[in-house]
Peer 1: 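Quick one: this structure, given as structure tokens, is what I'll be asking you about.
In the text below, chain A, chain B and the rest are named by the order of the sequence lines, each starting its count at 1.
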Amino acid sequence: MGKRVRFAPSPTGALHIGSVRTMLYNYFLARQTNGTLILRIEDTDQERLVDGAIDSIYDGLHWVGVHWDEGPREGGPHAPYIQSERLPLYQKGAQELVDSGTAYYCFCTKERLEQMRAAQRARGEITRYDRLCRNIPPAEAAERASSEPNHVVRLKVPEEGTIAIDDLVFGHIEWPLETIEDQVLLKSDGFPTYQLAVVIDDHLMGIDPIIRGEDWLPSTPKHLLVYRAFGWDVPPHAHVPNVLGPDGKKLSKRHGATQVGEFQSEGYLPEAMVNFLALIGWSPGTEEEVFSLDDLIQKFRIDQVQKAGGKWDRDRLNYFNGLWIRKLSDDALLARLDPFLPAEWDRRLVRGVVPFIKERMTTLVEAQDLISFLFTDDIVQDPALLVPKKRERMDAITALSRVTVLLRFVDPFIATGIEQAIAAVANELGWTVRDLTIAVRAAVTGRKVGPPLYESIALLGKERALARLEAAQEKLET
RNA sequence: GGCCCGUUCGUCUAGCGGCCCAGGACACUGCCCUCUCAAGGCAGAGACCACCGGUUCGAAUCCGGUACGGGCUACCA
């Protein structure tokens with residue numbers, strides 16, 4: 001109970017969908033246990049920083065609808081929550097490890113390391129640090145460290161043995177220590193590497209469990225070694241499987257949209273995104289699959305998370321989106337639609353069509369096209385539709401004119417009355433209702449498909465509807 | 001190359017030794033409903049449970065190997 005978990009993105013770009021999934025799992029666990037969720041920004045790579053990335057992370061997470069307890073802008077007992085503002089902590093930690101002999105200064109230049117690796121490759125060996133600086137006597141190393149600013153601190157990895165973890169998702173995993181290199185912990189610019197910073201922060205912030213992406217699994221032994229070097233207890237880890245592109249590779253830009261902001265502007269609902277994402281890699285073990293954020297908080301279990309990576313499936317996302325759109329009340333849908341419609345479109349009229357387009361949308365952006373006939377008289381009446389297949393042009397003119405006449409007397413101008421009028425014309429002329437509505441729809445909406453015709457005509461209003469019907473007749477006469 | 005992980009319908013998945021000649025969902029096909037398109041309902045097709053051995057009375061489920069896929073292999077995270 002009362003788990004402390006964290007989401008720790010790097011501000012190297014807009015918020016990625018895969019990260020959102022990891023965030024969600026952390027969020028579920030935090031809320032479910034009445035615990036604490038921490039947002040921590042891991043910006044230890046100063047070269048890859050992207051302007052506005054933190055804003056984008058905040059925007060994305062807010063859109064998704066999750067909230068957290070401690071973070072850069074929220075503050076908290078472990079502030080600051082941005083790693084670049086916690087440098088002294090890491091430097092002190094690195095120093096401690098050097099002092100205790102579990103880490104050492106390395107003075108190798110990047111050039112030397114490159115040459116070393118090239119030579120190793122040429123000889124067909126594994127490329128890894130040759131530990132040249134590992135055996136410099138401590139006194140000499142300390143002295144050189146003060147005069148040579150360009151040194152780093154490396155972890156002194158034991159030469160033999162194994163290190164293991166019991167991952168909450170992947171189970172028991174063991175690594176032979178001889179396969180692990182002497183990892184850099186503190187870079188020459190005084191910044192920690194990820195490997196040092198995560199361990200220190202996760203420890204200081206009391207994170208339990210650590211839930212992160214599967215791609216961190218290979219560096220876990222390095223982290224374990226750092227915990228060991230500090231003499232700290234290792235908290236439970238849970239690695240969650242990757243979200244893959246349709247080609248089975250890690251989801252990236254080349255697979256299309258991958259940032260939350262893009263999905264937002266494409267008209268996806270956060271409810272759908274959450275539902276869809278949560279189900280990649282997790283299942284409640286039942287046949288239910290429609291879940292709100294609150295449902296997920298209730299039902300999520302970390303031990304039900306899958307090991308295999310799951311592919312991103314646009315069709316399935318679309319399905320969930322349509323489903324969640326349909327679950328919205330008409331007023332709620334109107335509000336969601338608002339940013340996707342021209343400001344000048346009369347919201348009362350929009351509100352009127354909402355019930356009729358609700359089950360015809362996959363994404364919110366589709367609404368505009370679906371209802372534009374109500375807001376612009378600039379429609380294209382296609383003769384091929386005005387005259388349904390196997391009907392004569394003259395007959396179509398007659399049909400449209402009869403509809404025009406009967407509609408004029410419909411009062412009040414509502415769907416049922418309009419339906420009766422059209423049925424009467426069909427009956428009178430021996431047309432099928434289907435054919436008649438094809439012609440009328442083309443005349444009134446300029447479309448082949450759309451919201452229910454009678455309701456659409458009612459919404460349009462008698463005057464505009466009649467004008468369009470007359471225009472269609474004229475068009476056919478010329 | 002090395003280390004680690006993974007492998008059930010096209011896709012997301014259920015399954016944790018007999019209930020499975022494998023269930024649900026998306027997508028697909030057909031039918032019904034119907035003023036169009038949807039939505040909805042019903043039905044169907046779709047997986048020799050990657051492969052090969054082993055354990056067991058019995059394996060999708062346990063063990064070993066192989067294949068394939070993926071991740072990592074930086075003073076990136």
Peer 1: What is the separation between atom CD1 on A:I457 and atom C1' on B:U36, rounded to the nearest whole Å?
Peer 2: 12 Å
Peer 1: Can you tell me the distance, in whole Å, between the CZ atom of A:R112 and the P atom of B:A74?
Peer 2: 15 Å
Peer 1: Could you state the CZ-C1' distance from A:F291 to B:A14, rounded to the nearest angstrom?
Peer 2: 12 Å
Peer 1: Is the shortest distance from a Lys or Arg side-chain nitrogen in A:K156 or A:D182 to a carboxylate oxygen in the other one below 4.0 Å?
Peer 2: no
Peer 1: Work out how far the C1' atom of B:A25 is from that of B:U61, and round it to whole angstrom.
Peer 2: 23 Å
Peer 1: Ring pair (Phe, Tyr, Trp, His ring centres under 6.0 Å), that's the test. Do A:Y268 and A:W324 meet it? Break it down for me.
Peer 2: CA-CA 10 Å; A:Y268 286 92; A:W324 280 97; over 10 Å; no
Peer 1: Heavy atoms only, 4.0 Å cut-off, all strands: where does A:P241 land among base, sugar-phosphate and nothing?
Peer 2: nothing
Peer 1: Looking only at atom C1', what distance separates B:G46 and B:U11, rounded to whole Å?
Peer 2: 12 Å
Peer 1: Below 30° counts as parallel, above 60° as perpendicular, anything between as tilted: where do the rings of A:F300 and A:W282 land?
Peer 2: tilted
Peer 1: Look at all strands and tell whether A:L279 reaches a base, only sugar-phosphate, or nothing, counting heavy atoms closer than 4.0 Å.
Peer 2: sugar-phosphate
Peer 1: Base, sugar-phosphate alone, or nothing: which one does A:W216 contact when heavy atoms must sit under 4.0 Å apart?
Peer 2: base
Peer 1: With a 4.0 Å cut-off on heavy atoms, is A:K250 in touch with a base, just the backbone sugar-phosphate, or nothing at all?
Peer 2: sugar-phosphate
Peer 1: When all nucleic acid strands are considered with a 4.0 Å heavy-atom cut-off, which category describes A:S188: base, sugar-phosphate, or nothing?
Peer 2: base
Peer 1: Can you tell which of A:T44, A:D201, A:T193 makes a side-chain hydrogen bond (donor to acceptor under 3.5 Å, both in side chains) with A:Y90?
Peer 2: A:D201
Peer 1: For A:Y319 and B:C28, what is the distance between atoms OH and P respectively, to the nearest whole Å?
Peer 2: 13 Å
Peer 1: Heavy-atom count around A:D331 CG within 6.0 Å, excluding the residue itself: above 12?
Peer 2: yes
Peer 1: Round to the nearest Å and state the distance from A:I280 atom CD1 to B:C26 atom P.
Peer 2: 16 Å
Peer 1: Measuring only the C1' atom in each nucleotide, how far is B:U34 from B:A50? A whole number of Å is fine.
Peer 2: 46 Å
Peer 1: I'd like the C1' distance from B:C31 over to B:G23, given in whole Å.
Peer 2: 24 Å
Peer 1: In chain order, what residues pass the side-chain contact (heavy atoms from CB on, under 4.5 Å) check against A:S219, with sequence neighbours excluded?
Peer 2: A:Q195, A:W216, A:K222, A:H223
Peer 1: Within the pair A:K311 and B:U11, is there a side-chain N or O less than 4.0 Å away from OP1 or OP2?
Peer 2: yes
Peer 1: So, does the side chain of A:R441 form a donor-acceptor pair with the base of B:C35 at under 3.5 Å?
Peer 2: yes
Peer 1: What does the list of N/O pairs under 3.5 Å between the protein and nucleotides 4-8 of chain B look like, with a distance for each?
Peer 2:
none

Peer 1: Categorize A:R326 for me: base, sugar-phosphate, or nothing, with a 4.0 angstrom heavy-atom threshold over every strand shown.
Peer 2: sugar-phosphate
Peer 1: Under 3.5 Å, is there an N or O donor on one side and an acceptor on the other linking the side chain of A:T193 and the base of B:C75?
Peer 2: no
Peer 1: Taking atom P in both B:C48 and B:C21, what distance in whole Å separates the two?
Peer 2: 16 Å
Peer 1: Which part of the nucleic acid, if any, lies within reach of A:R121 when heavy atoms closer than 4.0 Å are counted: base, sugar-phosphate only, or nothing?
Peer 2: nothing
Peer 1: When we call it a touch if two heavy atoms are under 4.0 Å apart, what does A:G248 touch: a base, just sugar-phosphate, or nothing?
Peer 2: sugar-phosphate
Peer 1: Base, sugar-phosphate, or nothing: which does A:E125 touch, judged by heavy atoms less than 4.0 Å apart?
Peer 2: nothing
Peer 1: Under 3.5 Å, side-chain donor or acceptor atoms of residues 438-445 of chain A against the rest of the protein: list the pairs with distances, not counting sequence neighbours.
Peer 2:
residue: A:R441; atom: NH1; partner: A:P451; partner atom: O; Å: 2.9
residue: A:T445; atom: OG1; partner: A:R441; partner atom: O; Å: 2.8
residue: A:T445; atom: OG1; partner: A:R447; partner atom: N; Å: 3.1

Peer 1: For the P atoms, the ones on B:G30 and on B:G71, what distance do you get once it is rounded to whole angstrom?
Peer 2: 38 Å
Peer 1: Please state how far atom CG in A:N318 lies from atom C1' in B:A39, giving the value in whole angstrom units.
Peer 2: 15 Å
Peer 1: Rounded to the nearest angstrom, tell me the gap between atom CD in A:E455 and atom P in B:C35.
Peer 2: 11 Å
Peer 1: Can the ring centroids of A:W68 and A:F7 be said to lie less than 6.0 angstrom from one another?
Peer 2: no
Peer 1: For A:R447 and B:C37, is the shortest distance between a side-chain N/O and OP1 or OP2 below 4.0 Å?
Peer 2: no
Peer 1: Could you check whether atom CD of A:E160 has more than 12 heavy atoms from other residues, nucleotides or ligands sitting under 6.0 Å from it?
Peer 2: no
Peer 1: Does B:C75 have its OP1 or OP2 closer than 4.0 Å to a side-chain nitrogen or oxygen of A:R117?
Peer 2: yes
Peer 1: How far, in whole Å, is B:C51 from B:C57 if one measures between their C1' atoms?
Peer 2: 26 Å
Peer 1: Using the C1' atom as the reference point in each nucleotide, state the distance between B:C12 and B:U73 in Å, no decimals.
Peer 2: 31 Å
Peer 1: So what does A:G281 touch, heavy atoms closer than 4.0 Å: a base, only the sugar-phosphate, or nothing?
Peer 2: sugar-phosphate
Peer 1: Would you mind classifying the nucleic acid contact of A:Y194 as base, sugar-phosphate or nothing, using non-hydrogen atoms under 4.0 angstrom?
Peer 2: base
Peer 1: Mind checking if A:F276 touches a base, just sugar-phosphate, or nothing, with heavy atoms under 4.0 Å?
Peer 2: nothing
Peer 1: Is A:E47 atom CD crowded by more than 12 heavy atoms from other residues, nucleotides or ligands, each under 6.0 Å away?
Peer 2: no
Peer 1: With a non-hydrogen cut-off below 4.0 angstrom, is A:V184 in contact with a base, only sugar-phosphate, or nothing?
Peer 2: sugar-phosphate
Peer 1: At under 4.0 Å between heavy atoms, what does A:T44 touch on the DNA or RNA strands: base, sugar-phosphate, or nothing?
Peer 2: sugar-phosphate
Peer 1: Regarding B:C76, can its base be found pairing with the side chain of A:R48 as donor and acceptor, where the two atoms are less than 3.5 Å apart?
Peer 2: yes
